[in-house]
There are 2 protein chains.
Amino acid sequence: MADNTTWTALASADPEHACPISPVVDIVFSRWTTPILWTLNADGRQRFVELQRRITTITPKVLTQRLRQLERDGMIVRTYYPEVPPRVEYEISELGRSLAPLFAHLAEWATTNLDKVEHARNDYDTDSAQ
Amino acid sequence: MADNTTWTALASADPEHACPISPVVDIVFSRWTTPILWTLNADGRQRFVELQRRITTITPKVLTQRLRQLERDGMIVRTYYPEVPPRVEYEISELGRSLAPLFAHLAEWATTNLDKVEHARNDYDTDSAQ
DNA sequence: CAGTATCCCGGGCGATACTG
DNA sequence: CAGTATCGCCCGGGATACTG
């Protein structure tokens, strides 16, 4: 971490993954993380229930788990207000916001290539079916 | 897909995910796919065993599963040579190669921010420990 | 070589119920 | 409101052994 070796060198130094982006993938693209980060970035600071309402299919337990993980990784900031009833607000951190261009890049790739994937799937399925 | 509504509009149109990049994530960042795509892109066309040797911890069963999935999604091309012994070669497709800038972007984010994540984790762990 | 065929297991995730 | 607490299941993934 202290040396400036190239990424290819690091990749070969980690034969287990053979892929320098694997660590990032684990952090950013584990389950439910992209919806959470996306909403917090797009819709701003929100409370627990608001997140639940936007990401409709997530259960409170799993939402808590993912929020804790994202907080630990420094991607989001949790603020607790000791009121009655208690209030908690989540907002994206600067580090989390630094992913925005990457997400935009991803969204752009999706617009131009998602239908190609769909097409490839249809081809594959019809070909192997006959 | 035919309209040009903004991404935020599309996001709200899919409340289940509330995240327009979720489909891409499922395709590109499911388990083992980034090492496979990375190697095929960086080291070129390869045979089954070569992939196995580079991605040391993957089992043949799972490697087959992921290769089939990537082939179906049009990300890689499988070529079978009916020789004795049989030979199969995998190479990245044009669609798969279109991810290269994205992966580079990801690698760049990693170089500048991975240590911040590490730092945040240390802070979180020490703070919640005391 | 390039895969299948089984068996099996852990844990991530979901569903439900409950608390300060 | 903002979560915990429990239970249980499914299935993706690993280990191992075998085939054309």
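Values in this document were obtained by computation on a predicted structure and should not be read as measured data. Side chains are part of it too, since the values below use all heavy atoms of this structure and drop only hydrogens, waters and symmetry mates. Every chain is numbered from 1, with letters handed out A, B, ... down the list of sequences.
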Handout entry: Selected nucleotide, minimal atom distance to B:R66 side chain, candidates D:dC1, D:dT4, D:dG13
Key = D:dG13
Practice task
Indicate yes or no: does B:E89 engage B:R47 in a salt bridge with an N to O separation below 4.0 Å.
Solution key: no
Exercise for the section: In whole angstrom, give the distance that lies between atom CG of B:L67 and atom C1' of C:dT4. Expected result: 14 Å
Practice task
Tell me whether the OP1 or OP2 atom of C:dG14 has a side-chain N or O from A:R31 closer than 4.0 Å.
Solution key: yes
Exercise for the section: Rounded to the nearest angstrom, tell me the gap between atom CD in A:Q52 and atom P in D:dT4. Expected result: 12 Å
Practice task
Consider only side-chain N and O atoms of B:Q69 and B:R66, and report whether a donor and an acceptor are under 3.5 Å apart.
Solution key: yes
Exercise for the section: Give B:Y90 one of three labels, base, sugar-phosphate or nothing, depending on what nucleic acid heavy atoms sit under 4.0 Å from its own. Expected result: sugar-phosphate
Practice task
Examine A:L51 and A:Y81 and state if one hydrophobic cluster contains both, with Ile, Leu, Val, Met, Phe, Trp and Tyr joined whenever side-chain heavy atoms are less than 4.5 Å apart.
Solution key: no
Exercise for the section: Report yes if at least one side-chain N or O of B:R68 is closer than 4.0 Å to OP1 or OP2 of C:dT4; otherwise report no. Expected result: yes
Exercise for the section: Measure the distance from CD1 on B:I36 to P on D:dG13 and round it to the nearest whole Å. Expected result: 11 Å
Problem - Salt bridge A:R72-B:D125, side-chain N to carboxylate O under 4.0 Å - result: yes
Practice task
Measure from the side chain of B:P86, starting at C-beta and using heavy atoms only, and say which of C:dC1, C:dC13, D:dG14 lies closest.
Solution key: C:dC1
Exercise for the section: Name the pairing partner of D:dT16, where a pair is Watson-Crick or G-U wobble with both distances under 3.5 Å, or state none. Expected result: C:dA5
Practice task
Please confirm whether any donor atom in the side chain of B:K61 sits under 3.5 Å from an acceptor in the base of C:dG3, or the reverse.
Solution key: no
Problem - Along DNA chain D (nearest heavy atom to each residue), the more 5'-positioned of A:P85 and B:S30 - result: A:P85
